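In what follows, a single structure is set out as structure tokens and then discussed.
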Number of protein chains: 2
Amino acid sequence: MQASDPGSAVSTTQTSLEVLETLCELDGARVTTVADRLDVAKSTAHKHLRTLEECGYLRKEGNRYHIGLRFLHFGEYARRRWPGFECIQNAVSSLTEETEEEVDFVAEDHGRILTIVESYHKWVKYTGGRDESQYRARIGTYYYMHATATGKAILAAYPTGRVEETVDRWGLPAKTDRTITDREALFEELSAIRADGYAVDDEEYTDGLRSVGKAVRAPDGSVLGALSVSGPTYRIDGAVLEREIPAALDRAVEELESEIAERGAY
Amino acid sequence: MQASDPGSAVSTTQTSLEVLETLCELDGARVTTVADRLDVAKSTAHKHLRTLEECGYLRKEGNRYHIGLRFLHFGEYARRRWPGFECIQNAVSSLTEETEEEVDFVAEDHGRILTIVESYHKWVKYTGGRDESQYRARIGTYYYMHATATGKAILAAYPTGRVEETVDRWGLPAKTDRTITDREALFEELSAIRADGYAVDDEEYTDGLRSVGKAVRAPDGSVLGALSVSGPTYRIDGAVLEREIPAALDRAVEELESEIAERGAY
DNA sequence: TTAAAAGTTTGGCTATATCGAACGGGAATC
DNA sequence: GATTCCCGTTCGATATAGCCAAACTTTTAA
């Protein structure tokens with residue numbers, strides 16, 4: 001949200017957006033709850049909710065308002081028009097087959113990353129265990145860049161200034177006790193990643209979960225996002241962690257990049 | 001959009017929403033284009049675009065603005081919290097295996113329907129043909145209810161008043177020359193559907209495509225959405241159309257409904 | 001180099017978003 | 001079953017801020 005320069009922005013629109021964010025965070029809410037949380041008059045909250053509902057963006061269940069499916073339309077649209085989307089889907093799917101682990105493609109959005117394409121090997125799907133599913137990346141979920149393999153891989157491909165901006169905006173909050181929370185340490189990590197060609201998240205976002213990530217570039221050299229392979233620490237270890245997955249990632253990214261270049265699909 | 005009762009709604013928010021809709025329709029646009037289309041001053045369009053961009057909801061590429069990935073967050077959230085979502089996924093997936101055709105689950109949203117879960121049999125996926133993919137339902141795409149099997153199945157489960165409302169709001173636009181465009185004819189069709197227990201879309205939305213759809217109900221009797229099986233007219237024909245698919249749908253819906261009831265997952 | 005068109009900024013006017021209070025309905029309490 | 005409380009909704013007044021038009025700047029095209 002943050003209204004960087006007051007006066008330059010439409011504050012009413014900001015309020016409406018804050019209403020939406022509140023509904024998402026609280027998993028639906030009533031007029032009074034929204035009013036209290038945003039510190040606006042009850043009537044104001046009511047009017048915003050009513051407007052959004054009448055325009056088809058919210059669902060009203062009794063007197064609780066919920067985020068509507070209309071956003072799925074925008075969201076899927078944005079997802080599908082991502083440069084190289086179809087190639088990315090193929091790349092993610094074949095890398096899953098190869099590694100038999102979860103594979104994600106993430107994109108940067110305003111200083112954070114979010115998963116655009118995900119895939120996990122079949123047997124993982126059918127375990128149906130709650131413990132597996134809580135690890136799994138979900139499409140549309142935002143992550144901090146400094147605490148994920150993909151995020152660090154992307155940061156490592158950015159000029160220093162842009163990294164600074166990102167850290168200034170989002171800070172370096174700790175997700176586990178292994179998260180990098182120090183600016184210096186982050187920059188050292190980033191140059192190590194540039195040297196290695198890939199990034200590792202060693203339980204820096206979720207305990208028990210390791211990921212290996214690598215940035216994907218468009219033909220013009222700009223960063224499209226990053227590809228990653230993730231799994232529990234007991235499987236992602238030793239030679240798998242240090243040689244197999246990085247090698248598979250290298251091949252996958254190279255192939256993806258050349259496919260995108262060929263098809264001009266971006 | 002439509003501002004039913006002026007004064008009761010926040011018009012500034014409506015303008016912002018119209019900006020978003022314009023960007024989605026035009027696949028990105030510039031300040032002047034948006035201003036012309038919405039018939040507002042250039043500075044107004046600019047301010048809205050800037051606000052949405054600064055809040056992280058739009059991406060600015062050069063001087064074109066695009067719908068941002070932020071909406072994917074809301075969209076996926078809304079999708080996943082749909083009553084019985086996990087059960088629906090399983091139902092769709094196993095019905096695809098059984099019928100070897102495309103299966104969709106759609107939900108109603110403000111008088112139209114949109115696909116929430118889709119699945120298609122593997123070999124269809126790998127043909128990769130453009131002609132197949134243009135038929136395919138896409139998550140987040142809206143359809144008119146009167147012109148689809150799922151939509152008609154849902155309408156048939158609604159009281160007459162609600163059907164009237166829907167038709168009043170969205171009309172009966174023709175998508176092909178087989179689309180029902182007459183109010184009387186629609187009501188006759190709906191009572192036939194109630195008698196049969198399922199609905200058929202015989203090239204009423206897309207030429208060459210037939211679908212069979214059936215409404216899915218929550219334990220309390222309310223309509224959750226509808227399940228459908230779709231395919232090209234040369235495959236969805238004869239006994240397949242009249243007996244096999246309806247029977248498979250019946251079983252699938254019954255199983256889905258009882259699973260939802262059991263798990264209380266709604 | 002010039003001209004035209006688009007993006008951005010500014011300031012004034014007026015519409016309108018906001019607030020607070022009052023109304024009305026529904027549920028829980030006694 | 002009456003009362004009380006809480007919440008959603010409506011209403012009116014005020015001041016805010018969204019809107020427009022015009023000026024200014026930058027970019028693109030000629």
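For clarity, every value in this text was computed on a predicted model and none was experimentally measured. Residue numbering restarts at 1 for every chain, and letters A, B, ... go by the order of the sequence lines.
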Measure from the side chain of [X], starting at C-beta and using heavy atoms only, and say which of [options] lies closest.
X: Val10(B); options: dA17(C), dC19(C), dA17(D); value: dA17(C)
X: Thr12(B); options: dC19(D), dG7(C), dT18(C); value: dC19(D)
X: Arg50(B); options: dT9(C), dT8(C), dA17(C); value: dT9(C)
X: Ser11(B); options: dA17(C), dG7(C), dG18(D); value: dA17(C)
X: Arg30(B); options: dG7(C), dT8(C), dT18(C); value: dG7(C)

Atom [atom1] of [X] to atom [atom2] of [N]: distance rounded to whole Å?
X: His48(A); N: dG8(D); atom1: NE2; atom2: P; result: 16 Å
X: Lys47(A); N: dG20(C); atom1: NZ; atom2: C1'; result: 14 Å
X: Asn63(B); N: dG7(C); atom1: CG; atom2: P; result: 5 Å
X: Glu54(B); N: dT8(C); atom1: CD; atom2: C1'; result: 13 Å
X: Glu18(A); N: dT18(C); atom1: CD; atom2: C1'; result: 14 Å
X: His46(B); N: dC20(D); atom1: NE2; atom2: P; result: 15 Å
X: Arg64(A); N: dG8(D); atom1: CZ; atom2: P; result: 10 Å

Note to self: Let's test your reading of the model: under 3.5 Å, does the base of dA21(C) pair with the side chain of Ser43(A) as donor and acceptor?
What the structure shows: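 A donor-acceptor contact between them is absent.
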Classify the side chain of Lys42(A) and the base of dG20(C) as holding, or not holding, a donor-acceptor pair under 3.5 Å.
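For Lys42(A), whose side chain was compared with the base of dG20(C), there is no donor-acceptor pair (under 3.5 Å).
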*For Tyr144(A), enumerate each residue passing the ring-ring contact (aromatic ring centres under 6.0 Å, His included) test, keeping only those at least two apart in sequence or located in another chain.*
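With neighbours one apart ignored, the set is His146(A).
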Kindly assign one of parallel, tilted or perpendicular to the pair Tyr143(A) and Tyr205(A), based on the angle between their ring planes and the thresholds 30° and 60°.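 Because their plane-to-plane angle is over 60°, the rings of Tyr143(A) and Tyr205(A) count as perpendicular.
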| request: Have a look at Thr32(B) and say if it touches a base, only the backbone sugar-phosphate, or nothing, with a 4.0 Å heavy-atom cut-off. | output: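 Sugar-phosphate contact only.
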Fill in: Cation-pi, Phe85(B) ring and Arg80(B) (6.0 angstrom, 45 degrees)
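No, Arg80(B) does not sit over the ring of Phe85(B).
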side-chain hydrogen bond (donor to acceptor under 3.5 Å, both in side chains) between His66(B) and Arg81(A), worked out
CA-CA 10 Å; His66(B) 288 275; Arg81(A) 75 172 294 284; 3.3 Å; yes
